[in-house]
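Please read these numbers as outputs of a predicted model, since none were measured by experiment. Below, read A as the first sequence line, B as the second, and so on, with proteins coming before strands; counting in each chain starts at 1. Just the heavy atoms: all of them, side chains too, but no hydrogens, waters or symmetry mates, feed the values below.
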Amino acid sequence: MKATLIFLLLAQVSWARPFQQSNIFEFYDSMPNDEASGAAPEDPRFDTPRLSSELPELEPLGPVCPFRCQCHLRVVQCSDLGLDKVPKDLPPDTMLLDLQNNKITEIKDGDFKNLKNLHALILVNNKISKISPGAFAPLVKLERLYLSKNQLKELPEKMPKTLQELRVHENEITKVRKSVFNGLNQMIVIELGTNPLKSSGIENGAFQGMKKLSYIRIADTNITAIPQGLPPSLTELHLDGNKITKVDAASLKGLNNLAKLGLGFNSISAVDNGSLANTPHLRELHLNNNELIKVPAGLAEHKYIQVVYLHNNNISAVGSNDFCPPGYNTKKASYSGVSLFSNPVQYWEIQPSTFRCIYVRSAIQLGNFK
Amino acid sequence: MKECVLLVFLALCSAKPLFRPSYVTLKNMMLKDMEDDGDGDAANSLFPTRESIYPFFPFDLLPTCPFGCQCYSRVVHCSDLGLSSVPNNIPLDTRMVDLQNNKIKEIKENDFKGLTSLYALILNNNKLTKIHPKAFLTTKKLKRLYLSHNQLTEIPLNLPKSLAELRIHENKVKKIKKETFKGMNALHVLEMSANPLDSSGIEPGAFEGVTVFHIRIAEAKLTSIPKELPSTLLELHLDSNKISTVELEDFKRYKDLQRLGLGNNKITEIENGSLANIPRIREIHLENNKLKKIPSGLQELKYLQIIFLHNNSITKVGVNDFCPTVPKVKKSLYSAISLFNNRMKYEELQPATFRCVLGRMSVQLGNFRK
């Protein structure tokens, strides 16, 4: 048992690649205290001559900070100010710019010029419907771009190649073109939930080239199938609340690193035999609130699966080998959560041996409680 | 035109390294606060530490990342997931939890229990009506707490004493109770705009012993300038309230004030001598009020560089309203004076009125409307 545990921990370390994102606290923590380094170059136009002879030495202002914003430690905090555009006089050494909850309607070319040290740009909860194609060009170090809760109809073009995290939740995006992700080889997290994406709105292979992509969430849209051509680096795929009807054998192909798969609240009536065999490292599978009539095939062969949600489906029978391998237990991880409630199958109809590889009684939820 | 003003501002600001003592002090204090939280394992904050996060627990008890969230570098990112409560398996060494844009109604006693390294907690845009008085009992390192866009009727009591920044914009707070900030010596930024707070809502003594540098109570129901805010204030923003007069005593406590925002109020009068209480002021915004004359005492404010007076009812400007009569008294030139949309005869303005102004572009007179 102990050996198994050690093996599992090692296994986890080796395949579950940790996020290599730089930490948000770098913005707060690793700030050298040199004021002058980030200052804008002097503008010769205002240098000489001083207007009036009466004036002695000028006392300069503090660091440039837009009125009402707070600027400290290279974090520029301008949220909740009712701004209708990006403020002009942003300190050029800014690393994090928070503009959330304003009334910005458009991002123009030049809005972020000089911000070549910016790592994170937060534009959540504005009224942005347009982003000029060159707007992000100066942001040569941008790693995080948060555009959730806006009115974008398309993903912005020419996003910085350094981008690691893109969040565009709750916009008006209907389609995702492959070309917008061209060259974004550092991308790790993409969140596109709550958009009116059409059934075929995601171009085939849209995410294919992103070799570090680890997390995709496209929940609460209108897509009817699992996007094709997902990169093998993926560890989490969250597609709950869509209109997916089926899990094809080919749709999860090559997802050797996938650990978490969320497909709850869809209209899935079948998981093709062999589809789960494409994801040998799956740990957590959510298929609750679908239209499944049986337990997906292949769970018993999964060595690492721990959580399987199947509640609120149409499952009328559970076989004794649906969850646990026959004979000697080859599982490397024990189930910690299996839910089957709110299915037509009655718990007294399930053979006790069905759960022979589950050692924690509370891990199984059968009762039809709500 | 406005851009030009800002350019001038920018040029001036960046012309020399700053030596205004109070700003340096502010920055240093904040640096100290943000930088060093006495954690002792600084390396952890910069690198993902998957291995050390998980000690040798039995597999079933592994503190895994809540489903759908991303956990990396001790940041737990759970925004936009439709969560109705705080997930219960947040790793205990987490430094930042982002739960914004969910449907959380209540913070319960144990939701953040044991998160002793928690530094930033983001709860913006939920449906919070209740925060348990003991919810923050063990988060002794919490520095930033964002509660904006919820339905809280009061600032939670028993906030951690370590808090440096509290944002509670757009809630239903009507009152600041006397004990709210008790012992919160580290609090530096308070943003509580867009709450139905009126002038009688701030209980006397509520800010006693608190050293806040930046307060914004805009879009509230204030009818006068609160007199009992912390005396350490460097920035005070009270725009979009219902303030009708500025009285002689109003600024008496705020001797260090550098930036003052009073735009969009109903101010008809600024009593003679009231501005003499804030000799270090650099920027005053009084646009969109009902002023009939230029506030008296401007010429004595040595460091004043920006004053916005547009959209008022000012009928005339005297030649000594802005600049001192004795040369060399003023330490910094005006970089922006706005006077457009007033009732004066602009052609009667004497050029000497602006003898202590940085450049021609610094004065906006034209009756143009934005």
K.L.:
To the closest 0.5 Å, what do you measure between OH (A/Y215) and SG (B/C65)?
P.N.:
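Here the rounded value is 8.5 Å.
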
K.L.:
If you compare all heavy atoms of A/E191 against all heavy atoms of B/D80, which two are closest, and at what distance to 0.1 Å?
P.N.:
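For A/E191 and B/D80, the tightest heavy-atom pair comes out as OE2-CB, 4.1 Å.
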
K.L.:
Below 4.5 Å from any heavy atom of chain B, which atoms of A/V307 appear? Answer side chain, backbone, both or neither.
P.N.:
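For A/V307, no heavy atom lies under 4.5 Å from chain B.
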
K.L.:
Report which part of A/I216 has an atom under 4.5 Å of a heavy atom belonging to chain B: side chain, backbone, both, or neither.
P.N.:
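Answer is neither: A/I216 stays 4.5 Å or more from chain B.
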
K.L.:
Looking at B/S79 and A/R167, what are the two nearest heavy atoms and their distance?
P.N.:
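Here B/S79 and A/R167 meet closest at OG-NH2, 3.0 Å.
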
K.L.:
Quick check: A/Y146 with B/H77 (ring centres under 6.0 Å apart)?
P.N.:
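They qualify: ring centres under 6.0 Å apart.
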
K.L.:
To the nearest 0.5 Å, tell me how far A/L81 CG sits from B/E219 CD.
P.N.:
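So the CG of A/L81 and the CD of B/E219 are separated by 9.0 Å.
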
K.L.:
Identify which of B/S240, B/G261, B/G68 forms the greatest number of heavy-atom pairs closer than 4.5 Å to chain A.
P.N.:
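Maximum pair count with chain A is reached by B/G68.
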
K.L.:
Taking atom CD of B/E235 and atom CD of A/Q70, what is their separation to the nearest 0.5 Å?
P.N.:
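The CD atom of B/E235 sits 7.5 Å away from the CD atom of A/Q70.
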
K.L.:
Can you tell me how far apart CG (B/N101) and NZ (A/K149) are? Round to the nearest 0.5 Å.
P.N.:
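The NZ atom of A/K149 is 4.0 Å from CG of B/N101, to the nearest 0.5 Å.
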
K.L.:
Walk me through whether B/E191 and A/Q77 qualify under side-chain contact (heavy atoms from CB on, under 4.5 Å).
P.N.:
CA-CA 11 Å; B/E191 152 63 89; A/Q77 172 57 270; over 6 Å; no

K.L.:
Regarding B/D239 and A/R68, does a basic nitrogen lie under 4.0 Å from an acidic carboxylate oxygen?
P.N.:
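A/R68 and B/D239: salt-bridged.
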
K.L.:
Please state whether the side chain, the backbone, both or neither of B/L260 comes within less than 4.5 Å of a heavy atom of chain A.
P.N.:
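Backbone of B/L260 only, per the 4.5 Å heavy-atom cut-off to chain A.
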
K.L.:
Which one, A/S79, A/G193, A/S148, A/G82, leads in non-hydrogen pairs under 4.5 Å with chain B?
P.N.:
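Greatest number of close heavy-atom pairs with chain B: A/S79.
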
K.L.:
Which atoms form the tightest heavy-atom contact between B/N124 and A/Q100, and what is the distance?
P.N.:
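Scanning both residues completely, I find the closest heavy atoms to be ND2-OE1, 3.4 Å.
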
K.L.:
Taking it one step at a time, do B/F67 and A/H238 satisfy side-chain contact (heavy atoms from CB on, under 4.5 Å)?
P.N.:
CA-CA 9 Å; B/F67 194 71; A/H238 296 276; 3.7 Å; yes

K.L.:
Report which part of B/S193 has an atom under 4.5 Å of a heavy atom belonging to chain A: side chain, backbone, both, or neither.
P.N.:
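No part of it gets close to chain A.
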
K.L.:
Give the ring-plane orientation class for B/H237 versus A/F67, where under 30° counts as parallel, over 60° as perpendicular and anything between as tilted.
P.N.:
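Perpendicular.
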
K.L.:
Measuring heavy-atom distances to chain B, does A/D240 have an atom under 4.5 Å in its side chain, in its backbone, in both, or in neither?
P.N.:
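Looking at A/D240, nothing touches chain B.
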
K.L.:
Is there a donor-acceptor contact under 3.5 Å linking the side chains of B/Y72 and A/E165?
P.N.:
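The criterion, which ignores hydrogens and geometry beyond distance, is satisfied for A/E165 and B/Y72.
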
K.L.:
With a 4.5 Å heavy-atom cut-off, do A/S214 and B/Q70 have their side chains touching?
P.N.:
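No, their side chains stay 4.5 Å or more apart.
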
K.L.:
For A/D80 and B/H149, does a side-chain donor sit closer than 3.5 Å to a side-chain acceptor?
P.N.:
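Their side chains do contain a donor-acceptor pair, which is all the 3.5 Å distance test asks for.
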
K.L.:
May I ask you to name which of B/E170, B/K302, B/Q100, B/H285 has the most heavy-atom pairs under 4.5 Å with chain A?
P.N.:
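Greatest number of close heavy-atom pairs with chain A: B/H285.
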
